[in-house]
Amino acid sequence: MYDVIVIGAGPAGMTAAIYTARAGYKTLILETGAPGGQAATTDTIENYPGFPGGISGPELMMKFYEQAVGFGVDMEFQYVDGIEVEGHQKKVKLGDKIYESKAVIIASGARPKVLGVDGESKFRGKGVSYCATCDGFFFKDKEVVVIGGGDTAVEEALYLAKICKKVTIIHRRDQLRANKIAQYRAINNAKIEFLWDSVVDEIRGTENVEELTIHNVRTQEKTRINASGVFIFVGYIPNSDYLPREIGFDEYGYVLTDSMLRTNLPGVFAIGDIRQKRLRQVATAVGDGAEVITALEEYLLEHGGN
Ligand code: NAP
């Protein structure tokens, strides 16, 4: 029996676990992948305070992990199938195992959205990627495209420009959504080109990706572009499939919380990218992870028994 089970070892989940374990609560984190979540797949994080000059995502997340383990947090790497809330008892199911706890903190984040075009799944791992830090090196001195116009697309394009011969950003509009600093850097990067008002119709190749067919949404003109790599950054989907239906979700599947990060289920909290919020960053995930301790302690004092 744990006091707290945290689902997800991204920056939000690991921060929450550091706080709960440090406060003396027996804490377990469950995670499917490696610790760090999406932040661990980010090349450089420049806007997390305390690291002038930036820090690599994997390095920062390893520090979070070491700190959590240092405070006695248990970690297990397995997919969570479901959560059952029976009054003040919570059951977290993983395969044929069940862990019990007094409180659950949902911190399972979000995953990259797929485009849904022909060739995308066929060439996944053969030129199609959703992580520049993981796969960029395979395209050293080659030509790649990046799809999307948000912070992730533009920042990952800047990273790829350091490795690849040429990076073409294909965006469905003629204005980027990305922050102004990233925009400025990309527009002034000699290796980055833009294809505005354009969408991908098909990703083609034999063994590996060789070309994309695209069309201009204003003129309907169709073109082909050669590329060895296609990096898709068109947003994220919350990892909320395993959650009980009774939890309050918004229309996109993000978990609804009150200002104390409580869900509508007693003793179940949600933090980080999984919850409906305005800004999804490492700093705001860490903020959620720290903040949740107040309502959690209140709940445990009232219902936790000891
Ligand atoms: P995002 O902000 O949702 O942007 C997704 C981009 O993909 C948009 O430009 C969108 O076009 C485009 N798009 C969506 N669906 C598409 C489709 N089917 N076909 C073609 N294009 C499509 O996602 P994100 O860039 O991954 O960022 C997610 C969150 O993380 C944001 O809150 C972001 O600020 C944050 N983030 C922050 C930083 C940072 O602060 N350094 C870094 C990375 C991420 P439209 O613009 O036309 O909608």
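One-based numbering, in listed order, for ligands and for the atoms of each. Residue numbers start at 1 and run along the sequence shown. From a predicted model like this one, the values you see are computed outputs, not experimental measurements.
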Any chance you could pull the hydrophobic cluster mates of Ile181, using side-chain heavy atoms under 4.5 angstrom and chaining through other members?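 Under the 4.5 Å side-chain rule, Ile181 groups with nothing.
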In order of chain and number, which residues sit within 4.0 Å of ligand 1 by heavy atom?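 Residues Asn47, Leu115, Gly148, Gly149, Gly150, Asp151, Thr152, Glu155, His171, Arg172, Arg173, Arg177, Phe233, Val234, Gly235, Tyr236, Arg280, Gln281 each place a heavy atom under 4.0 Å from ligand 1, listed by chain and number.
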List for me each residue that meets side chain to side chain contact (heavy atoms under 4.5 Å, CB included) alongside Ile163, sequence neighbours excluded, and say none if there are none.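 So Ile163 forms a side chain to side chain contact (heavy atoms under 4.5 Å, CB included) with Lys140, Tyr159.
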Applying side chain to side chain contact (heavy atoms under 4.5 Å, CB included), name anything that partners Arg278, two or more places apart in sequence or on another chain.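 Per chain and number, Arg278 pairs via side chain to side chain contact (heavy atoms under 4.5 Å, CB included) with no residue.
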Are Glu84 and Lys90 close enough for a salt bridge, meaning some N to O gap below 4.0 Å?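 Between Lys90 and Glu84 there is no salt bridge, as every charged N stays at least 4.0 Å from the carboxylate O atoms.
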Surrounding CD of Glu207 (heavy atoms of other residues, nucleotides or ligands, distance under 6.0 Å), is the total greater than 12?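 Incorrect, the count does not exceed 12.
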Would a line drawn from the ring center of Phe71 to the ring center of Tyr19 be shorter than 6.0 Å?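 For Phe71 and Tyr19, the ring centres are not under 6.0 Å apart.
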